[in-house]
Amino acid sequence: MLIDNHGRKINYLRLAVTDRCNLRCFYCMPEEGLNWLSRTELMTYEEMIRSCAVLVKMGVEKIRITGGEPFVRKDIMQLLTSISGLNGLKELTLTTNGVLTAPYIADLKSLGVKSVNLSLDTLDANRFFTITRRDEFANVMATLDGLLNHNIDVKINTVIMEGKNIDDIIPLVELTKDIPVSVRFIEEMPFNGNSHNYSSLHWDYVHILEKIRTRFPDIEKLVDPPNSTSYNYHIPGHKGSIGIIAAYSRTFCGTCNRIRITPQGQLKNCLYDDGVLNIRDIIRNGATNEQLESQLLSAFSHRVKDGWEAEHNRFLKTGVHESMATIGG
Ligand code: SAM
Ligand code: SF4
């Protein structure tokens, strides 16, 4: 079992497999995209599989594949197949924007993927275009249908933005009436790759809940699972549930069990740090698995207490303006 210097168990890895994306979500990256990483900067699949194997041996039980958009990376199913076969891994899951995902759903199911996070910020096709700057709403909805038809648990990720999708909060809650999905409202974070100026958070978890209560005063609090980043709720009579993720307010750091690897192999101990170790370079410099493991252990014994400490350390150096596509969410 992996325990950090604050006594927190680490058992969950988020692996971002590319920085590239076929959408341009307003809160994530600028309209013209990012300065994409070159092929040699990206970790290869072999490097990713080896890193995952070492981490699973050390105690990681759950891996989430994310990006950028995982399905824009060539032969992504090969990577998923290899990772799904790692001895000791209990759960493989992914986060996707759903644009290219539908044709892969049956294969995901046969690999044992039981749940998928689908990003969907609105139920209105025009607003979808305004937020993502791409006309792909129908494909995302087809992915939602496909996942439900294959009995894969769906968590819908919705970033709440002043002036963009406040009118979607109630319709998205209403979606949980007949469909067994978990709709999770996420506070907007500053990781937008300089898409726009982020000065302060307008919609925090308290305001999001207040807004839901105006229409659903009988909303009930659920018991949050251990290590949950969301406050979870249920509307009586609804098949699905609601989550609110205080991603900016950072109320969940005390039980943080997750680490991240960026597309270029940076290990992040915290969403808000700027990377503590480059795994790709360690591997390319010829390290054995034992040497990699020992460097990882050292990194895990120096984790920051919370996202505020990480952000403080970082602001002293560079500030926070990278895109979430280079972190993975
Ligand atoms: N492209 C995939 C997708 O959108 O689902 C996976 C990568 S995306 C970076 C992962 C998650 O990060 C998405 O659910 C997205 O909504 C969320 N995200 C991106 N930028 C964010 C921001 N500035 N604040 C909060 N969440 C953000
Ligand atoms: Fe792409 Fe996901 Fe970022 Fe949207 S949130 S631009 S879909 S990486």
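Counting starts at 1 for both ligands and their atoms, in listed order. Heavy atoms only: backbone and side chains are in, while hydrogens, waters and symmetry mates are out.
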May I ask you to identify the nearest protein heavy atom to atom 26 (N) of ligand 1, giving residue, atom name and distance to one decimal place in Å? Val159 CG2, 3.5 Å
Do me a favour and list the nearest non-hydrogen protein atom to atom 3 (C) of ligand 1 with residue, atom name and distance? Ser119 OG, 3.3 Å
At what distance is the nearest protein heavy atom to atom 23 (N) of ligand 1, and which residue and atom is it? Tyr27 O, 2.7 Å
What residue and heavy atom of the protein are closest to atom 10 (C) of ligand 1, and at what distance? Gly328 O, 3.6 Å
Identify the closest protein heavy atom to atom 2 (C) of ligand 1: which residue and atom is it, and at what distance? Glu69 OE1, 3.4 Å
side-chain contact (heavy atoms from CB on, under 4.5 Å) with Pro171: of Thr122, Asp124, Leu123, only one passes, and it is Leu123
Quick check on contacts: which atoms of ligand 1 are under 4.0 angstrom from a heavy atom of Glu188? 24 (N)
Within the distance-only criterion (no hydrogens, no angle test), does the side chain of Asn232 pair as donor or acceptor with the backbone N or O of Lys221 below 3.5 angstrom? no
Polar-atom distance check: Asp121 versus ligand 1, any N or O pair below 3.5 Å? no
Please identify which atoms of ligand 1 are closer than 4.0 Å to at least one heavy atom of Glu187. 25 (C)
If I compare all heavy atoms of Thr66 with all of Gly328, which pair ends up nearest, and what's the gap? OG1-O, 2.7 Å
Let me see the working for Ser241 and His234 under side chain to side chain donor-acceptor pair (under 3.5 Å), right down to the final yes or no. CA-CA 5 Å; Ser241 63; His234 177 248; over 6 Å; no
Regarding Trp203 and Glu188, is there a side-chain donor-to-acceptor distance under 3.5 Å anywhere? no
Taking the six-membered ring where the residue is Trp, are the ring centres of Phe191 and Tyr272 under 6.0 Å apart? yes
Where ligand 1 meets Thr66 - atom numbers and elements under 4.0 angstrom, heavy-atom basis: 6 (C), 7 (C)
Give me the nearest non-hydrogen protein atom to atom 8 (S) of ligand 1 as residue plus atom name, then the distance to 0.1 Å. Gly67 O, 4.3 Å
Is the centre of the Phe129 ring less than 6.0 Å from the centre of the Phe137 ring? no
Count up the protein N, O or S atoms sitting under 2.8 Å from atom 1 (Fe) of ligand 2, would you? 1
Identify whether the distance between the nearest side-chain nitrogen and carboxylate oxygen of Arg24 and Glu32 falls below 4.0 Å. no
Taking everything shown except Asn35 itself, do over 12 heavy atoms lie less than 6.0 Å from its CG? no
Given 3.5 Å as the limit, does a donor-acceptor pair link the side chain of Asn11 with the main chain of Glu61, or not? no
Quick check: does Asn117 get an N/O under 3.5 Å from an N/O on ligand 1? no
I'd like to check whether Thr95 has a polar contact with ligand 1, where a contact means an N/O of the residue lying under 3.5 Å from an N/O of the ligand. no
Restricting to heavy atoms, the pick from Met189, Met324, Lys155, Arg14 nearest atom 24 (N) of ligand 1 would be Met189
With no hydrogens and no angle check, is any side-chain donor or acceptor of Arg8 less than 3.5 Å from a backbone partner on Lys305? yes
Tell me every residue that passes side chain to side chain contact (heavy atoms under 4.5 Å, CB included) with Ser323, counting only those two or more places apart in sequence or in another chain. Cys28, Met29, Leu34, Ala325
Geometric N/O contact Thr96 with ligand 1, under 3.5 angstrom: yes
Looking at ligand 1, would Asn97 count as a contact under a 4.0 Å heavy-atom criterion? yes
Is it true that the side chains of Thr96 and Glu69 contain a donor and an acceptor less than 3.5 Å apart? yes
Numbering the atoms of ligand 1 from 1, which are under 4.0 Å from a heavy atom of Asn157? 14 (O)
Evaluate the side chain to side chain donor-acceptor pair (under 3.5 Å) criterion for residues Ser38 and Thr40: first the C-alpha distance (whole Å), next the side-chain angles of each, then the deciding distance (0.1 Å), finally the verdict. CA-CA 5 Å; Ser38 67; Thr40 49; 3.2 Å; yes
Could you tell me whether Gly68 and ligand 1 have an N or O pair separated by under 3.5 Å? yes
